[in-house]
Every structure is written in structure tokens, then in C-alpha cells.
Amino acid sequence: MTTPDHGSAENAFADDAFTVADPIEDAPDDTRLSLFEGDEGMLTLEQRRCLVVVLKHQIVTDDRDEWPVLVRDARLIRSRLNDLFLDLVIDRDRGVAYKVQIRADASGHVPPLLRDTAYTREETVLLAHLRQRHLAERGSGHPHAHIDRDDCLAAVAQFRPATATDRSGDEKKAGAAVDALVKAGILVKADGDDRFLISPVIETLLPIDRLRVIQEWLAEQNRPENALRRRDETLPDEPEDALQDDEDEEDAA
């Protein structure tokens with residue numbers, strides 16, 4: 001009786017089922033995800049840098065080095081943000097991206113990482129002016145809209161109630177509004193410290209219908225019977241569509 005030769009079958013099974021993968025030491029450098037001792041992260045170095053930029057900044061624009069990675073790996077970056085109850089919005093046409101707070105889900109309460117911070121009156125006035133300026137420049141065929149600091153301050157001053165007496169204080173608030181929008185990336189310094197590019201993100205922040213709501217609100221605030229309102233408050237009676245900003249808790253602290 002001949003004994004069946006199982007050797008070839010066993011060897012074939014072993015080749016198929018127990019092939020040992022190439023050791024990690026032989027893998028290409030770009031697959032090594034561990035960047036420090038104990039690192040269990042699953043993102044590459046450039047993906048991690050991109051994620052940090054999205055978390056640190058209210059707005060990410062297409063002139064940043066991280067933009068190509070953000071667009072290419074949007075699904076992966078969004079996944080990491082979703083783990084923190086945040087979502088990612090990318091407007092590729094306008095070249096802007098930003099994160100938003102997820103408010104609720106089926107499981108109930110969502111611990112917020114960001115908080116809503118209403119813009120001040122001066123910031124709201126300036127945002128509306130910037131939106132109008134950007135709209136006019138783009139309507140005239142110009143690819144970009146620019147504005148000087150003096151123009152920004154004058155725009156805010158136009159909505160200064162006639163009964164206001166603290167001119168110095170009002171001017172400081174107007175200057176602070178300009179600085180705040182520079183920090184947020186809505187105004188980008190160009191050709192010196194006093195000239196700015198209006199970021200295309202203004203279109204996302206203030207769609208036309210929302211701009212009209214803000215303009216109506218501002219007109220109402222400037223009526224004589226409302227002139228004695230405190231001007232340093234942060235719009236407590238603003239309409240539901242008035243401007244608010246998702247601000248990082250760390251930055252807001």
C-alpha cells in the first residue's frame with residue numbers, strides 16, 4: 001500500500017495561510033507612524049500637523065502648507081474631529097475650511113469642545129462692511145478685495161450713536177474689532193500692517209440673506225430710541241441669525 005504524500009499539500013497550505021509578512025524594519029519610511037516612544041497614533045506626521053492646524057485655528061485657508069493634505073485626507077481628518085464631537089467643513093471653491101461643534105446626537109448630551117461667542121457690536125458692523133466690500137469687488141470682476149485699517153475704523157464709526165460721548169473708548173473698540181478679525185483670519189495682512197486682504201471666508205460667514213438680517217438689526221440699533229443702549233455688550237437681543245463664532249475653549253479662556 002502506498003502512503004499518500006501529504007508533504008506538497010501541507011507545504012502549499014503553509015505557503016497560503018502562514019506567509020510571514022515583511023518585518024516592519026523593512027517597510028518604507030513613510031509607513032512608520034510611531035514618532036516618539038509609546039506613540040500609538042495612526043496618522044502620518046503631515047496628517048498630524050494638519051489636524052493640529054485645524055484644531056488651533058478658527059479658519060484654514062488654501063494658502064497654508066497644510067491645505068493639500070487637508071483636501072487629500074479630508075475624510076481621515078474629519079474622522080479624528082468627529083471623535084471630539086466636531087465636524088469639518090471644506091469649501092474648496094473659496095479655499096477655506098473650518099471646524100464646527102456637533103450639538104447633539106442620538107445618545108443625548110454632547111460635551112462641547114468649542115463654545116459660542118457672540119461678536120461684539122463693532123465686530124458685527126465691520127463684518128457686514130467687509131461682506132459688502134467683498135461683494136462689490138467681486139461683482140466688479142476683481143479676484144480679491146482689499147481694505148485699509150482706516151476704512152475699517154470709518155465703517156465702524158458710521159454706526160456710532162450720536163449720543164455716544166466716549167469717543168476715545170469707541171475708537172479703541174473699533175481698533176480691537178479689526179485686530180480680532182485679523183486674528184480670526186478674516187482679514188489677512190497685505191502690503192504692510194494697515195492694509196488687508198478680505199478672506200473669501202467672509203462669503204461663508206455671511207451669506208447674502210444673513211447679511212440682510214444683520215443690516216436690518218444694525219439699522220434698528222441706530223434708531224434714536226435705541227441710541228442709549230450700552231455699546232459694550234455683546235448683542236444680547238440679536239436675531240437668531242445674527243453672528244456667532246465657534247471659539248476654542250483654550251483660546252476663550
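Judged as a side-chain hydrogen bond (donor to acceptor under 3.5 Å, both in side chains), and not counting sequence neighbours, the contacts of Arg195 are Asp148. Every residue two or more places apart in sequence or in another chain that forms a salt bridge (charged side-chain N to carboxylate O under 4.0 Å, His left out) with Arg138 is listed here: Glu203. Every residue two or more places apart in sequence or in another chain that forms a side chain to side chain contact (heavy atoms under 4.5 Å, CB included) with Glu46 is listed here: Thr44, Val69, Arg72. With sequence neighbours left out, Arg80 forms a side-chain hydrogen bond (donor to acceptor under 3.5 Å, both in side chains) with no residue at all. Under the side chain to side chain contact (heavy atoms under 4.5 Å, CB included) criterion, Glu216 pairs with no residue at all, not counting sequence neighbours. Legend: residues meeting side-chain hydrogen bond (donor to acceptor under 3.5 Å, both in side chains) with Glu137, ordered by chain and number and at least two apart, are His142. Residues forming a salt bridge (charged side-chain N to carboxylate O under 4.0 Å, His left out) with Arg212 (at least two apart in sequence, or on another chain): none. Taking the salt bridge (charged side-chain N to carboxylate O under 4.0 Å, His left out) definition, one finds that Lys189 meets it with Asp193, sequence neighbours left out. Qualifying side chain to side chain contact (heavy atoms under 4.5 Å, CB included) partners for Val52, counting only residues two or more places apart in sequence or in other chains: Lys56. Scanning for side chain to side chain contact (heavy atoms under 4.5 Å, CB included) contacts around Asp87 gives Arg78, Asn82, Val100, Ile102, with sequence neighbours left out. Partners of Asp39 according to the salt bridge (charged side-chain N to carboxylate O under 4.0 Å, His left out) rule, which considers only residues two or more places apart in sequence or in another chain, are Arg48.
In this structure, Pro200 and Val96 approach most closely via the heavy-atom pair C-CG1, 4.4 Å.
More than 12 heavy atoms of other residues, nucleotides or ligands lie within 6.0 Å of CG in Asp83, so this atom counts as buried by the packing criterion.
Cluster annotation: Leu76 and Leu55 are assigned to the same hydrophobic cluster (Ile/Leu/Val/Met/Phe/Trp/Tyr, side-chain heavy-atom contacts under 4.5 Å, transitive).
For Asp179 and Arg149, the salt-bridge test passes: some basic side-chain N is under 4.0 Å from an acidic carboxylate O.
With Arg133 contributing its side chain and His146 its backbone, the two residues share a donor-acceptor pair below 3.5 Å. Side-chain N or O atoms of Gln47 include none that pairs as donor or acceptor with a backbone N or O of Asp73 at under 3.5 Å.
Other residues sharing a hydrophobic cluster with Val188 under the 4.5 Å side-chain heavy-atom criterion for ILVMFWY residues are Leu197.
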